J.: 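Mind having a look at this structure? Questions to follow.
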Amino acid sequence: MASSMEAQRKSLPIYSARDRLIREIKTNPCCIVVGETGSGKTTQIPQYLHETGLSKKGLIGITQPRRVAAISIATRVAKEQSVSLGAEVGYAVRFEDCTGPSTKIKYQTDGLLLREAIQDPLLSRYLVVILDEAHERTVHTDVLFGVIKGAQKERRERHIKLLRIVIMSATLDTSSYSNYFNNAKVLYIQGRQYHVNVYYTLKPQSDYIHSAITTVLQLHGEEESGENGDILVFLTGQDEIESMLHTLIQCKSLFPSHWKDMMVLPLFSALPSAQQQKVFQKPPPNTRKVILSTNIAETSLTLSGVKYVIDTGMVKGRGYNPLMGLDLLLVQPISKAQARQRLGRAGRESEGYCYRLYTEESFLQLEENTVPEIQRCNLSSVLLQLLAMGIKDILSFEFMDQPPEESLIAALEELVLLKAVNKEEETLELTPLGKRMSSFPLSPSLSSCLLASVDYDCVVELVTLVSLLSVDTVLYTPTDGREKADLARMKFFCPEGDHLMLMKIHKAYQTSNEKKSWCHDNYIHARNMSTVQDIRKQLKEICRQNSLQLTSNNDGERLRKTLLCGFFRNVAEHVRDGKYLTVLSRQEVFIHPSSCLFSVTPPPPFVMYTELVHTTKCYMRMVSVIDPKWLFEIAPNYFHKTMTTNMIQD
DNA sequence: CTCTCCCTT
């Protein structure tokens, strides 16, 4: 057993580079390791460093952008080391710490290491920090770049043991990484990937869904019998996936009898777990799987058996407009790096085929890389975290790719309004409230509401409410079951709005005996509801650490007022025909169709919202009715200063 | 007036 494991480790492409890797990482304070998928860098390099004795002087920490990856890789490495998970090899993700006093190799999410850096900005427990999947450029990885670079410098100046930095990436474009990390040594490792044949369309396609359907049917019909490769189609969202699913199922009934059967499966993040699991099951004999997926199958889930990839060249992605404080959610062309990632999904087990539903010329015109997340997100959380680490000179914090200055300024303004930061001339000072806010794993607005609940004596209720607002959605609505879902959920309707409706749903959920079937019957998202319970538990524990009393009061008006303490800027006034204007910027906004206030007539004159997202229009996504008089009580300075309208009639 | 890609603390 142990020897077969050892033989397997030695057969990896990286093994021949073992001695060189150990030598270089020992002699260079920063290294960049470039290796494709299948090189074994993530599992092997930490073990090499451990086996050579480096871990005697401190922890070897490896970050991953995703929880499941951190857990499954640690499990694998513990097996290879013949130790039990949580002993020498462990992992830590939110809600779950599987490490112990003997842990030497620790896999963790990048977000968790960042949180750890708030308590210990020098990362003094670590001898080596390895940032894996750095090419994905998550906002957490990008902030960690600056944090570990700063920690290394400061440890050197204070003569504390050297912090060794290893950046692992799958892209060959290494000069920006190397420049940023003091001309770090770049090491290349062979990957193990099969050849993928690429095909482009000859003309641009006006309707990529139609092209995708045609391509699936052609592949399925043309292929010689005996071969059986699954087809993976990349689409942009649930709607597209479900509509293509229905078309393909209709086509199936017209197949000639000698054709193989086709099993068409949807795949997207919000899909209930039981349905997601179907993509991993073996299809019945003589049946081909056709998986219709969002970009979840690009990196997060690895599907075995895929031989054909159909790439529409489009993705639905987030953006951010700092001037309006607005999240954007738009369908846009992918980057070249993303197109290569999609292609690679066809060559994991054997030679594969990739059909790009665009011309080669349009491929060449795509952006080289996806814009790093830090340049297209709200930075208020990042800013609060940096300040909590003692980094005061925010505007000159060295990012590898600097976020837009407007985003930093907007984030700063938000923190000042929430009284988390005092801005005295040129210096920024974190207030005691701000320090306390940073101890919660929440956006500054939500932390702010939660702390306001101390004064309103409703901490228990706000813990629940901010937990409910921390998950993507509590409602699950399949496209073809909208009416049924609306009907089933009618009993939760609240004339005061979505936030009290969420509380009502939560109460019913807690009193139900069979949670799973209750969620199913009521079109409630079971997985997310279960996450809400984990978040509540964690938030209560942090309240306890902050010596906050868990007071309770369930009055609906009180809860909405408390919520307004963190979201007083998000108020809109009805003008006509369901059209609203934000009180601050006079921007045109609408109630999102998923809101329980969407079809209420007449529309409430004043509402507050906890999310604003621009898709086809600018939508307020969680909406409650408010009395505008509350605003003068809650944010008197703000509404005194900025009010330009005759908002209050009496 | 008709709709939320993917992650994470």
Side-chain angles (χ1 to χ4, degrees), chain A residues 63-70 92-95 108-118 133 136-141 143-144 234-242 267-270 293-301 314-319 327-332 334 338 370 373 376-377 381-382 384-385 388 438-443 446-447 470-479 482-483 485-486 525 528 531 534-535 538-539 542 574-580 588-595 597-601 603 611-622:
Chain A
T63 68
Q64 291 294 318
R66 285 168 292 278
R67 297 164 52 89
V68 273
V93 296
R94 189 182 189 182
F95 312 130
Q108 62 203 312
T109 48
D110 49 14
L112 201 71
L113 184 63
L114 196 56
R115 196 132 273 282
E116 207 178 307
I118 296 177
E133 311 283 10
E136 288 191 27
R137 304 295 303 273
T138 68
V139 64
H140 293 139
T141 303
V143 177
L144 277 173
F234 283 103
L235 297 160
T236 70
Q238 183 180 350
D239 266 5
E240 268 178 25
I241 287 170
E242 285 174 347
L267 185 63
F268 48 92
S269 172
S293 175
T294 59
N295 42 343
I296 191 171
E298 236 170 57
T299 49
S300 306
L301 294 179
M314 301 302 278
V315 66
K316 197 180 285 184
R318 262 200 197 277
D327 280 318
L328 311 166
L329 197 57
L330 301 168
V331 172
Q332 55 207 315
I334 58 174
Q338 235 173 329
T370 312
E373 197 185 355
R376 51 185 171 88
C377 73
S381 292
V382 166
L384 186 64
Q385 282 179 333
S438 74
S439 67
F440 289 94
L442 295 167
S443 71
L446 288 174
S447 301
S470 292
V471 295
D472 275 342
T473 177
V474 159
L475 315 178
Y476 176 65
T477 314
T479 310
R482 251 171 216 173
E483 284 169 19
D486 286 345
H525 203 294
N528 287 350
T531 304
D534 291 333
I535 299 173
Q538 188 189 27
L539 295 181
I542 299 170
H574 184 242
V575 279
R576 63 182 177 294
D577 308 327
K579 190 168 103 179
Y580 283 79
E588 193 176 274
V589 294
F590 296 86
I591 295 179
H592 195 278
S594 67
S595 168
L597 296 179
F598 177 69
S599 45
V600 166
T601 46
E611 216 182 310
L612 192 62
V613 61
H614 185 103
T615 51
T616 50
K617 267 189 207 165
C618 213
Y619 284 113
M620 304 181 272
R621 249 207 75 225
M622 280 285 147

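Source: prediction; values computed, not measured. Each chain gets a letter, A, B and so on, in the order the sequences are listed, and its residues count up from 1.
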J.: When you compare the side chains of A:His592 and A:Ser594, does any donor N or O come within less than 3.5 Å of an acceptor on the partner?
T.: yes
J.: Using the test side chain to side chain donor-acceptor pair (under 3.5 Å), find all partners of A:Ser438 that sit at least two apart in sequence or belong to another chain.
T.: none
J.: Please confirm whether the backbone N or O of A:Ala92 pairs with a side-chain atom of A:Gln108, one donor and one acceptor, at under 3.5 Å?
T.: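 No: the side chain of A:Gln108 does not pair with the backbone of A:Ala92.
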J.: Can you tell me if A:Arg621 uses its side chain to pair, donor with acceptor, with the backbone of A:Val613 under 3.5 Å?
T.: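 Pair absent, no side-chain N/O of A:Arg621 close to backbone of A:Val613.
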J.: To the nearest Å, give me how far apart NZ (A:Lys579) and P (B:dT2) are.
T.: 14 Å
J.: So, A:Phe598 and B:dC1: ring centres less than 5.5 Å apart, planes less than 30° off, yes or no?
T.: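 Stacking is present between B:dC1 and A:Phe598, given that their ring centres fall under 5.5 Å apart and the planes under 30°.
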J.: Could you tell me which residues satisfy side chain to side chain donor-acceptor pair (under 3.5 Å) with A:Glu240, sequence neighbours excluded, listed by chain and number?
T.: A:Tyr208, A:Thr236
J.: Give one of base, sugar-phosphate or nothing for A:Lys617, where a contact means two heavy atoms less than 4.0 Å apart.
T.: sugar-phosphate
J.: Treating primed atoms plus P, OP1 and OP2 as sugar-phosphate and everything else as base, which nucleotides of nucleotides 3-9 of chain B get B, S or - for protein heavy atoms under 4.0 Å?
T.: BBBBSBB
